[in-house]
Amino acid sequence: MTTKTIEIGEFTLKRVQEYVWEMPQEGDMRVPARVLASEELLSEIKEDKTLTQLHNTTQLPGIQEYALCMPDGHQGYGFPVGGVAGIDAEDGCISPGAVGYDINCGVRMVKTNLRYEDIQGTEEDLVNALFANVPTGLGGGGVVNNAPVEEILERGVEWAVEEGYGVETDLAHCEDEGFRAEADATAVSQKAKDRGRNQAGSLGSGNHFLEVQRVTDIYDDNVAAEFGLSKDQIVVLIHCGSRGLGHQVCTDYLRDIEQTHEGLLNQLPDKELAAAPAGSRLAEEYYRAMCGAINFAWTNRQLITHQTRQVFERVFDRSWQEMEMELLYDVSHNIAKKELHTIDGEQKELFVHRKGATRAFPAGRPELPPAYRDVGQPVIIPGSMGAGSYILRGGEQSLDETFGSTAHGAGRLMSRTQAKSEYWGEDVMDDLREQNQIYVKAESGATVAEEAPGVYKDIDDVVTVSDTLGIGDKVARTYPVCNIKG
DNA sequence: ATGTGC
């Protein structure tokens, strides 16, 4: 491979290896930045403010090694979606904008023992039953209304299991066992709690969805067998977050941090990067509130899992246990977490910020549950509703290259406004049904237009970068059967 | 993403 340099606006990116572009450290940058992308993906990334935001990110106090942009990166609030930053948890800072407004937005995959032929012909019944039983769209209305928010914030999925919305084995198949112990409900404002109270068990809007899929390709027979995945198997993917509660937590702390830590803010190139110094009262409080919102989001996905199991029981007339509707895994893609990483040969505690990036720990990491400790964690990467998704396995290189992270999805190609000017929801749904036998049911046609397959990058290209770099290895691919949205 | 704004 020849060395190559690309000039993009004010930035010079040097290709340091295939799919790795480095922005050298200069000026006020504390570390260099790296974009992991093919030339094609880079040409899409350069179209918005992603590179400027990535450059800004390198100025966060305590940032280690590199500011990173995953192959699905695009611009976000202050910090790119698809951004990863490992920041010293003792001397650095924590930044709400580097976690995102939708705290613990993430995906979980529920397996079944059904084959594609078992459900052909029932797609419309299934999509209607799912739509009728899983709350979708903006505003209130959840599986549980007037929910005990404080308890959910502090106990996470364990609360749901205790209430009969899941089983013990669900806990072991969720990142962090569906629970962050540092959560503190008293750090979450009354307004945030009030917004969450009637949203426990609701999909929301935007890119969130519940999709029934079939496994179409297996790339690694051994790992797929460990994960319990096989060709033509039916699986369910649930993509949603912490709804208005997490959004309010982000809003509350951004405002407070901007005012309280104005000195630090003035040193940063973008107000949207507002950060609280490690060890400060607000850093601690934000972390505890964020962990609460994380627990709420996991519980949200657990309640939706419960509804999904019930719908399958009615449509296929047998128990969910009989259909082996066990969780593969639940992964977050908007979080910060204290993790130990090796920096210059020494173990260091970092706030790893992953915003639109998925943890991708390889075999051996102590955080992994017993089922995956010897194989590496399942990483679930959802594509657009016309494309299907990937299941990867945390790669051996991820700890060295990306603080144990990879991409989180296809990544948007255009704004929601632009999408609505190019697509009409009803047409998108008709095309998917007639040309691809994909059945979509949505609360709002506008949302379908905003999420049309053509609005997204090619998920295959994104995953190729992850697989080639060894940060997340291809295990299996799925294709949509039916999809419900907000 | 979001009871989609200062």
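The sequence lines fix the lettering, A, B, ..., with proteins before strands; numbering per chain opens at 1.
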Chemist: Report yes if a side-chain nitrogen or oxygen of A/R243 is closer than 4.0 Å to either non-bridging phosphate oxygen (OP1 or OP2) of B/dT2; otherwise report no.
Modeler: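 So the side chain of A/R243 is within the cut-off, an N or O lying under 4.0 Å from OP1 or OP2 of B/dT2.
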Chemist: With sugar-phosphate meaning primed atoms plus P, OP1 and OP2, does A/G206 contact a base, only sugar-phosphate, or nothing at under 4.0 Å between heavy atoms?
Modeler: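 Since only primed, P, OP1 and OP2 atoms lie under 4.0 Å of A/G206, the category is sugar-phosphate.
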Chemist: Just the rounded figure in Å: distance from C1' of B/dT4 to CD of A/E443.
Modeler: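 Those two atoms, CD and C1', are 16 Å apart.
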Chemist: Which is it for A/E163 and A/R155 under the salt bridge (charged side-chain N to carboxylate O under 4.0 Å, His left out) test, yes or no, and what are the steps along the way?
Modeler: CA-CA 12 Å; A/E163 295 293 317; A/R155 296 184 61 208; over 6 Å; no
Chemist: Rounding to a whole Å, what distance do you find between A/L138:CG and B/dG5:C1'?
Modeler: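 Rounded to whole Å, this separation is 15 Å.
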Chemist: Please determine if A/K441 forms a cation-pi arrangement with A/F131, meaning its NZ or CZ atom is less than 6.0 Å from the six-membered ring centre and no more than 45° off the ring axis.
Modeler: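 The answer is yes; both the distance and angle limits are met.
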Chemist: Please work out if A/S242 contacts a base, only the sugar-phosphate, or nothing of the nucleic acid, heavy-atom cut-off 4.0 Å.
Modeler: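 No contact.
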Chemist: Return the value, rounded to whole Å, for the distance between atom NZ of A/K191 and atom P of B/dT2.
Modeler: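 These atoms are roughly 16 Å apart.
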Chemist: Between B/dT4 atom P and A/Y101 atom OH, what is the distance in whole Å?
Modeler: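 Those two atoms, OH and P, are 13 Å apart.
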Chemist: Applying salt bridge (charged side-chain N to carboxylate O under 4.0 Å, His left out), run through A/R281 and A/E284 and close with a yes or a no.
Modeler: CA-CA 5 Å; A/R281 174 188 63 85; A/E284 299 290 327; over 6 Å; no
Chemist: B/dT4 P sits how many Å from A/Y77 OH, rounded?
Modeler: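 So the two atoms are 17 Å apart, to the nearest Å.
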Chemist: Rounded to the Å, how far apart are A/H208 NE2 and B/dT2 P?
Modeler: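 That distance rounds to 5 Å.
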Chemist: Hey, does A/Q199 reach any base, or is it just sugar-phosphate, or nothing, if we go heavy atoms under 4.0 Å?
Modeler: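 Contact class for A/Q199: sugar-phosphate only.
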Chemist: When you look at NZ of A/K338, are more than 12 heavy atoms from neighbouring residues, nucleotides or ligands closer to it than 6.0 Å?
Modeler: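 Above 12, so yes.
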Chemist: Could you state the atom-to-atom distance from CD of A/E451 to C1' of B/dT2 in whole Å?
Modeler: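 Rounded to whole Å, this separation is 14 Å.
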Chemist: Could you give the CG-to-P distance, from A/N198 to B/dT2, as a whole number of Å?
Modeler: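 It is 15 Å, rounded to the nearest whole Å.
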